[in-house]
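One structure is given here, and the rest of the page talks about it.
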Amino acid sequence: MRRVLVTGAAGRIGRPVLSLLASRGVAATALVLEDPGSLPAGRVVVGSAEDVDVVRSAMEGADAVIHLAARPAPHYDTPVDVFAGNTRATFIVLEEAGIAGVRRAVIASSYGATGLPWTREPVPPAYLPIDEALPPVVEDPYGLSKQADELTAAMMARRHGLTVVALRYPFVGGVEERLAAHARSLAEDPSRGVRDLWSYLDVRDAALAAVSALSVSDGRAHVAFVAAPTTLVPVPTAELLRRYLPGVPVRRALPGRSVPVDTSAAARLFGFAAQYPYSDGSGAAAG
């Protein structure tokens with residue numbers, strides 16, 4: 001890779017992605033709504049990923065794209081703006097990539113594409129561990145936008161011969177920024193993590209997944225869950241499932257604190273394995 005365009009480059013995952021690219025000697029163009037300064041990118045373009053002209057300008061010189069710009073949850077805007085904004089940005093970024101001759105792209109999908117986090121009433125998954133074939137139960141505009149993004153990726157692969165990997169991210173954060181507080185909350189009441197299946201990913205691993213997924217170059221679209229291999233709650237997974245998800249079929253053993261999310265597609269496609277398990281500071285890492 002000579003240069004990677006990173007959209008949403010000032011965001012939670014975007015900054016670590018820029019840092020990882022820089023550490024590997026890969027040039028980056030950062031597309032941001034506002035320039036915060038000090039981004040580790042050789043070029044910064046200010047504007048929206050929903051603007052064709054802005055994206056076209058940002059795409060100049062890029063030979064790969066990591067598209068992270070999005071409203072990250074259903075409550076971040078009106079339902080129309082969450083769905084329409086997210087899907088418009090993904091369509092524009094991938095279409096402009098294809099027109100520019102870019103042949104590798106990674107987009108941020110979400111665990112939310114399953115619909116499980118934001119149904120009006122809790123809905124148990126059809127089986128565990130969940131995988132990319134899980135029947136969705138989406139009732140919210142964000143989850144729907146991520147489903148549409150994955151369909152857009154598949155269309156763009158056919159339309160342009162563009163390889164697109166859609167990463168289904170779980171709860172992502174830095175240790176001090178989010179993970180520590182979330183871990184404490186789940187330890188106090190594990191029921192708070194049922195909808196997310198107690199899954200998480202350190203932001204450094206989120207960046208690693210995005211950059212690693214650029215290695216895929218088969219001209220097809222792929223969807224892959226990524227997550228830490230263990231849950232964020234200090235209770236054996238079998239006990240969590242017995243307590244909170246009784247009756248849900250478990251297709252394979254989940255020993256210890258194994259996360260009930262199948263990440264084998266990411267391992268197979270681009271060799272992903274999380275490197276930063278959460279530690280509570282006592283030296284005891286999750287799992």
Side-chain angles (χ1 to χ4, degrees), residues 12-13 16 72-73 108-119 122-134 136-137 143 146 167-210 223-268 272-287:
R12 176 171 288 119
I13 301 174
S109 186
S110 171
Y111 175 98
T114 65
L116 295 171
W118 291 294
T119 53
V123 176
Y127 55 81
L128 293 167
I130 65 168
D131 59 19
E132 294 78 14
L134 184 80
V137 292
K146 292 305 178 181
L167 299 175
R168 286 189 173 179
Y169 284 116
F171 182 96
V172 172
V175 173
E176 296 303 323
E177 176 231 4
R178 291 180 95 200
L179 289 183
H182 192 46
R184 288 193 297 271
S185 176
L186 295 186
E188 292 169 1
D189 182 359
S191 70
R192 294 169 179 160
V194 174
R195 287 174 177 264
D196 293 327
L197 298 176
W198 308 278
S199 60
Y200 77 98
L201 193 63
D202 186 288
V203 70
R204 293 167 292 182
D205 281 323
L208 177 63
V223 177
F225 280 104
V226 287
T230 52
T231 68
L232 197 56
V233 63
V235 178
T237 300
E239 172 61 19
L240 291 172
L241 301 185
R242 184 195 65 77
R243 193 186 308 174
Y244 299 110
L245 292 170
V248 175
V250 179
R251 294 181 166 183
R252 63 171 169 81
L254 293 165
R257 291 166 60 182
S258 298
V259 69
V261 178
D262 186 344
T263 60
S264 62
R268 182 179 66 254
F272 178 72
Q275 302 297 306
Y276 299 97
Y278 172 74
S279 171
D280 62 8
S282 67

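Side-chain atoms are counted along with the backbone in the values below, which use heavy atoms only and exclude waters and symmetry mates.
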Side chains of Y200 and D196, donor plus acceptor under 3.5 Å
no
Steps toward side-chain contact (heavy atoms from CB on, under 4.5 Å) verdict (W198, V259)
CA-CA 7 Å; W198 308 278; V259 69; over 6 Å; no
Which heavy-atom pair separates V172 from V203 by the least distance, and what is that distance?
CG1-CA, 3.8 Å
Pairing residues for E188 by the salt bridge (charged side-chain N to carboxylate O under 4.0 Å, His left out) criterion, not counting sequence neighbours
R192
Under the salt bridge (charged side-chain N to carboxylate O under 4.0 Å, His left out) test, which residues partner E177, sequence neighbours left out?
R12
Stepwise side-chain contact (heavy atoms from CB on, under 4.5 Å) check, Y111 with I130
CA-CA 10 Å; Y111 175 98; I130 65 168; 3.5 Å; yes
Step-by-step side-chain contact (heavy atoms from CB on, under 4.5 Å) determination, L186 to T231:
CA-CA 10 Å; L186 295 186; T231 68; over 6 Å; no
From OG (S191) to CG (D189), nearest 0.5 Å
3.0 Å
Less than 4.5 Å apart, any side-chain heavy atom of V194 and any of P122?
no
Would a distance-only check, ignoring hydrogens and angles, find a side-chain to backbone donor-acceptor pair under 3.5 Å from E132 to F225?
yes
Any chance you could measure T237, atom OG1, to R242, atom CZ, to the nearest 0.5 Å?
13.5 Å
Quiz: residues 245-254 side-chain donor-acceptor pairs under 3.5 angstrom, not counting sequence neighbours:
none

side-chain hydrogen bond (donor to acceptor under 3.5 Å, both in side chains) partners for D262, two or more places apart:
S264
Taken in chain and number order and not counting sequence neighbours, the residues that satisfy side-chain contact (heavy atoms from CB on, under 4.5 Å) with A183 are L232, Y278
Identify the two heavy atoms, one from S258 and one from P255, that lie closest to each other, and give their separation to 0.1 Å.
OG-O, 2.6 Å
So, for A228 and A274, which heavy atoms are closest and what is the spacing to 0.1 Å?
CA-CB, 4.0 Å
Between F171 and H182, is the ring-ring contact (aromatic ring centres under 6.0 Å, His included) condition met? List the steps.
CA-CA 9 Å; F171 182 96; H182 192 46; 4.0 Å; yes
Under 3.5 Å donor-acceptor, K146 side chain and G115 backbone:
no
For side chain to side chain donor-acceptor pair (under 3.5 Å), just list the numbers for T114 and R168, CA-CA rounded to whole Å, side-chain angles, deciding distance to a tenth of an Å, and then say yes or no.
CA-CA 9 Å; T114 65; R168 286 189 173 179; over 6 Å; no
For R204, all residues meeting salt bridge (charged side-chain N to carboxylate O under 4.0 Å, His left out), sequence neighbours excluded
D202
Provide the closest heavy-atom pair for A227 versus T263 in the form atom of the first, atom of the second, distance.
N-CG2, 3.7 Å
Could you pull out the closest heavy-atom pair between L208 and A273, with the gap in Å?
CD2-O, 4.2 Å
Once rounded to the nearest 0.5 Å, what's the spacing between atom CD1 of I13 and atom OH of Y169?
4.5 Å
Which heavy atom of R243 sits nearest to which heavy atom of V235, and what is that distance?
NH2-CG1, 4.0 Å
